[in-house]
Amino acid sequence: MAIPTDLLAQVDALVGEGRFLSRASAVDLALRRLLWDLEEAEMFEAFAEAAKDPQAVAEAVSLVEEASVSGWEAVCLGDGEDLAE
């Protein structure tokens with residue numbers, strides 16, 4: 001299947017405006033964004049599935065609580081500078 005001519009014309013116009021170096025660079029960016037979007041969608045699907053699992057939720061809450069405590073301990077052990085300054 002060929003790329004529709006109207007789509008190529010739009011890309012060529014963007015290349016002409018200097019927004020892309022070439023058709024190839026525009027296609028490269030578009031494909032990278034598409035793949036990134038697909039990977040991101042899979043990640044959010046995995047999070048949604050994990051949210052349905054009570055054990056996974058409890059583990060996540062525990063990790064957040066531990067990180068919070070560790071963060072405050074690190075602040076308290078800091079060099080004594082006033083954080084409000």
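Keep in mind that what you see is a predicted model, and the values were worked out from it rather than measured.
- The 12-atom threshold is not exceeded at CD of Q55, counting heavy atoms of other residues, nucleotides or ligands nearer than 6.0 Å.
- Heavy atoms of other residues, nucleotides or ligands lying less than 6.0 angstrom from CG of L21 number 12 at most.
- To the nearest 0.5 angstrom, E59 atom CD is 9.0 Å from D53 atom CG.
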Output side-chain donor-acceptor pairs under 3.5 Å for residues 42-51, partner residues at least two apart or in another chain, one line each.
unit_1: E49; atom_1: OE2; unit_2: K52; atom_2: NZ; d: 3.1

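- For V15, the side chain to side chain contact (heavy atoms under 4.5 Å, CB included) criterion is met by V11, F20, not counting sequence neighbours.
- Here the CG atom belonging to L14 is positioned 10.0 Å from the OG atom belonging to S25, to the nearest 0.5 angstrom.
- L7 belongs to a hydrophobic cluster whose remaining members, ordered by chain and number, are I3, L8; membership requires side-chain heavy atoms of ILVMFWY residues under 4.5 Å apart, directly or through intermediates.
- A salt bridge does not link R33 to D37: none of the charged nitrogens lies less than 4.0 Å from a carboxylate oxygen.
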